[in-house]
Amino acid sequence: MTTRKSALLTAGLTALLAGCARPPAAPPPSSAYRIYVTNEASGDMSVIDSATMNVMATVPLGKRPRGIHASPDGKTIYVALSGSPIAGPGVDESTLPPPDKSADGIGVFDVKQNKLVRVMHSGSDPENFDISKDGKRLYVSNEDVAGISVVDLETEKVIATLQTGEEPEGVRISPDGKWVFVTSEEAGTIAVVDTTTNKVVDTFKVGRRPRSIAFLPDSAMAWVNAENDGTVVLVDAVKHKIVDSVQLGERGVVKPMAVLLSPDAKTLYVSSGRGKRVFVVDAANRKVEASVEVGQRPWGIALSPDGKTLFSANGPSNDLSVVDLAARTVSRKVKLTGSPWGVITLEQ
């Protein structure tokens, strides 16, 4: 009897434990994302794994890759390519080699295949661009012809060309999709393009050598850099006038370049070129909160998907700075080659 009872008890416990057993928990979703950096001088793009901060691949693209943006679905990365020789402001163009116009275009990079699949025509000497929210159009700054090209991404053809001012660079579509702002470095202006008609409807002054634009989420205001003034300016995006300006440092020493808003639009981040720093600006109070020295001539900047880390592409020092925004310190530098210019992050 004792043996039989023990066997029954053991069987019962086994059944009970089996009924209570749970399948093994699924592994937590990976928080890893990738960082993509264009290298202007070497003509390629570095692909970095955020989990290890190691360079996974260096992908050839073409001549002078600069502006970089992902498609809304994250499957494609577009990169501005240019056959015009590298030259700083004020350089005598007659001393430069002739431009290679066959190299001009927008490179189409397939994220899954991790390679360049083709180059689209997009007008002369493309430097930067923006993509419509529906992923159907590109608006591309054509630096050497003082205008922009509008590219239909279904046909991959230029459907309009507009004059926007000498040395256009920064291009940004308002969050509501109604307007495209285009900077003119030479004129110190913003050209306003109506996306319905593809026509320039206004031009207004913002300061000396504007290069970058960051709209507030409601499209009512936008931040613009003024490189040669050492400032960033807040503009009324409806009335097309300056509302306020924030002095970042001494003119000619601090040279604001890229402007980038935090996901909640409460903080503005500004790279400063020869100033070697990224500035942190309280966007509501319009005051500088801090600055972080990141490297030689920081240009393109990007945030991690969670907004906790900032990446700075530093051209002459050939590296990418990883900035811990809570500590406001550089936590790591990733060595690159070929003069890093633009940077984006993309979840996998």
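FYI, side chains are in, hydrogens and waters are out, and symmetry mates aren't considered; it's all heavy atoms of this structure.
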Examine [X] and [Y] and state if one hydrophobic cluster contains both, with Ile, Leu, Val, Met, Phe, Trp and Tyr joined whenever side-chain heavy atoms are less than 4.5 Å apart.
X: V233; Y: L216; value: no
X: Y269; Y: V288; value: no
X: V224; Y: V246; value: no
X: V37; Y: M53; value: yes
X: Y36; Y: V79; value: yes

Give the intermediate values and the outcome of side-chain contact (heavy atoms from CB on, under 4.5 Å) for residues L268 and V259.
-> CA-CA 7 Å; L268 181 73; V259 292; 4.1 Å; yes

Considering only NZ, NE, NH1 and NH2 on the basic side and carboxylate oxygens on the acidic side, decide whether [X] and [Y] come within less than 4.0 Å.
X: D229; Y: R208; answer: yes
X: R211; Y: E185; answer: yes
X: K287; Y: D282; answer: no
X: K63; Y: D100; answer: yes

For [X] and [Y], indicate whether the former's side chain and the latter's backbone hold a donor-acceptor pair under 3.5 Å.
X: T183; Y: G170; result: yes
X: S339; Y: P316; result: no
X: D176; Y: S219; result: no
X: D104; Y: D125; result: yes
X: S174; Y: W179; result: yes
X: S71; Y: T76; result: yes
X: T38; Y: R66; result: yes
X: E167; Y: G165; result: no
X: D110; Y: Q113; result: yes
X: N314; Y: V294; result: yes

From [X] [atom1] over to [Y] [atom2], what is the distance, rounded to the nearest 0.5 angstrom?
X: F204; Y: I242; atom1: CZ; atom2: CD1; answer: 8.0 Å
X: L261; Y: W223; atom1: CG; atom2: CH2; answer: 8.5 Å
X: S46; Y: M56; atom1: OG; atom2: CE; answer: 12.0 Å
X: T195; Y: K133; atom1: OG1; atom2: NZ; answer: 12.0 Å
X: S312; Y: M257; atom1: OG; atom2: CE; answer: 11.5 Å
X: I148; Y: L162; atom1: CD1; atom2: CG; answer: 5.0 Å

Take a 6.0 Å sphere around [atom1] of [X] and say whether it holds more than 12 heavy atoms from other residues, nucleotides or ligands.
X: K101; atom1: NZ; result: yes
X: K239; atom1: NZ; result: no
X: E289; atom1: CD; result: yes

Criterion side-chain hydrogen bond (donor to acceptor under 3.5 Å, both in side chains) on T337 and N318, from CA distance to verdict | CA-CA 5 Å; T337 58; N318 283 321; over 6 Å; no

Would you indicate whether the side-chain heavy atoms of [Y] and [X] approach each other to under 4.5 Å?
X: V270; Y: L248; answer: yes
X: P72; Y: I131; answer: yes
X: R328; Y: V292; answer: yes
X: V108; Y: M120; answer: yes
X: N114; Y: V47; answer: yes
X: K75; Y: V111; answer: no
X: T345; Y: S50; answer: no
X: V182; Y: I190; answer: no

Candidates Y78, F109, Y139, F129 - the one meeting ring pair (Phe, Tyr, Trp, His ring centres under 6.0 Å) with H69 |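 Output: one option passes, namely F129.
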
Could you go through the side-chain contact (heavy atoms from CB on, under 4.5 Å) check for V119 and I106 one step at a time?
-> CA-CA 5 Å; V119 176; I106 298 293; 5.9 Å; no

Please step through side-chain hydrogen bond (donor to acceptor under 3.5 Å, both in side chains) for the pair D144 and S124, ending with a clear verdict.
-> CA-CA 7 Å; D144 65 351; S124 180; 2.7 Å; yes

Audit row: R64, E40, salt bridge (Lys or Arg N to Asp or Glu O under 4.0 Å) steps and yes/no | CA-CA 4 Å; R64 291 191 73 189; E40 181 180 11; 2.6 Å; yes

For [X] and [Y], which heavy atoms make the closest approach, and how far apart are they?
X: G123; Y: V158; answer: N-CG2, 4.2 Å
X: W341; Y: E127; answer: CZ2-OE2, 3.7 Å
X: D194; Y: T196; answer: OD1-N, 2.7 Å
X: L116; Y: V59; answer: N-CG1, 4.3 Å
X: L61; Y: L81; answer: O-CD1, 3.6 Å
X: L303; Y: P263; answer: CD1-CD, 3.9 Å

Could you walk me through whether V278 and E293 pass side-chain contact (heavy atoms from CB on, under 4.5 Å), step by step?
-> CA-CA 6 Å; V278 169; E293 185 167 337; over 6 Å; no

Assess whether side-chain hydrogen bond (donor to acceptor under 3.5 Å, both in side chains) is satisfied between N39 and D44, documenting all intermediate values.
-> CA-CA 5 Å; N39 300 302; D44 51 35; 2.9 Å; yes

Side chain to side chain contact (heavy atoms under 4.5 Å, CB included) with V140: of V150, V151, T161, only one passes, and it is V151

Would R277 and S291 count as a side-chain hydrogen bond (donor to acceptor under 3.5 Å, both in side chains) if you check the C-alpha gap in whole Å, the side-chain angles of each, and the deciding distance to 0.1 Å?
-> CA-CA 6 Å; R277 293 181 171 273; S291 67; 3.2 Å; yes

Show your working on side-chain contact (heavy atoms from CB on, under 4.5 Å) between V322 and T309 and close with a plain yes or no.
-> CA-CA 7 Å; V322 182; T309 306; 3.6 Å; yes

